[in-house]
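What follows is a set of notes on a single structure, which appears directly below.
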Amino acid sequence: QVQLVESGGGLVQAGGSLRLSCAAFGRTLSSYAMGWFRRAPGKEREFVAGISWSGGSTHYVDSVKGRFTISRDNAKRTVFLQMNSLRSEDTAVYHCAAGRILRDPDTYDYWGQGTQVTVSS
């Protein structure tokens, strides 16, 4: 039905930047919010950032505020995560997901396979 494919991960030095992309394939996710989550080794999955269908509302976990920016292009069915001033603690597998309620991670129904982000100190 829906496939989400992430790209843009990689290895970067602390203080550097990466831009993640997530492309949606299959049926249109009309009215769905989009979010980025991450899972670091030995830790629980964490919500990182989310954006409403219109793009008018965004939400970030405190640890990335001022450093990460989420955006979306509905015409291209793509969501982005611009990550600046990266820190070693940002190292994780990043997943994009589509959800019915922006601020409720439990409503995110569709998930990508993830892309690895590694920040070297």
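The figures here come from the full heavy-atom set of this structure, side chains too, leaving out hydrogens, waters and symmetry mates. The chain is numbered in sequence order, starting from 1. Note that this is a predicted model, so its numbers are computed, not measured.
Taking CD1 from Ile51 and CZ from Arg72, the interatomic distance works out to 6.5 Å, rounded to the nearest 0.5 Å. Here the CZ atom belonging to Arg39 is positioned 11.0 Å from the CD atom belonging to Glu46, to the nearest 0.5 angstrom. Between Arg38 atom CZ and Leu20 atom CG the span is 11.0 Å, to the nearest 0.5 Å. Note that CD of Glu6 and SG of Cys22 are 5.0 Å apart. Values are rounded to the nearest 0.5 Å.
The pair Asp62-Lys65 counts as a salt bridge, with a side-chain nitrogen and a carboxylate oxygen less than 4.0 angstrom apart.
Taking all atoms of both residues into account, the shortest heavy-atom contact from Tyr60 to Phe68 is CE2-O, 3.3 Å. When every heavy atom of Ser63 is checked against every heavy atom of Arg87, the shortest pair comes out as O-NH1, 3.8 Å. Residues Phe37 and Pro105 share a closest heavy-atom pair of CE2-CB, 3.8 Å. Annotation for Phe25 and Arg77: closest pair C-NH2, 4.1 Å, computed over non-hydrogen atoms. Of all heavy-atom pairs spanning Ser21 and Phe80, the tightest one is OG-CD2, 3.4 Å. Considering every non-hydrogen atom in both Ser121 and Ala14, the closest pair reads CA-CB, 4.2 Å.
Both Val64 and Leu81 belong to a single network of hydrophobic side chains, linked directly or stepwise wherever heavy atoms of I, L, V, M, F, W or Y lie under 4.5 Å apart. Linking Ile, Leu, Val, Met, Phe, Trp and Tyr whenever their side-chain heavy atoms come within less than 4.5 Å leaves Trp36 and Trp111 in two separate clusters. Follow the hydrophobic side-chain contacts under 4.5 Å out from Val12 and you reach Tyr94 in the same cluster. Note on Val79 and Val61: same hydrophobic cluster, where clusters join Ile, Leu, Val, Met, Phe, Trp and Tyr whose side-chain heavy atoms are under 4.5 Å apart, directly or indirectly.
Between the side chain of Tyr108 and the backbone N or O of Leu102 there is at least one donor-acceptor pair closer than 3.5 Å. Thr118 contributes no side-chain N or O that, together with a main-chain N or O of Leu11, makes up a donor-acceptor pair within less than 3.5 Å.
Counting non-hydrogen atoms of other residues, nucleotides and ligands closer than 6.0 Å to CD of Gln113 gives a total of 12 or fewer.
Using modelled atom types and a 3.5 Å distance limit, the side chains of Thr78 and Asp73 yield no donor-acceptor pair.
Taking 4.5 Å as the limit, some side-chain heavy atom of Leu4 sits within range of a side-chain heavy atom of Met34. Between His59 and Phe47 there is a side-chain heavy-atom pair separated by less than 4.5 Å.
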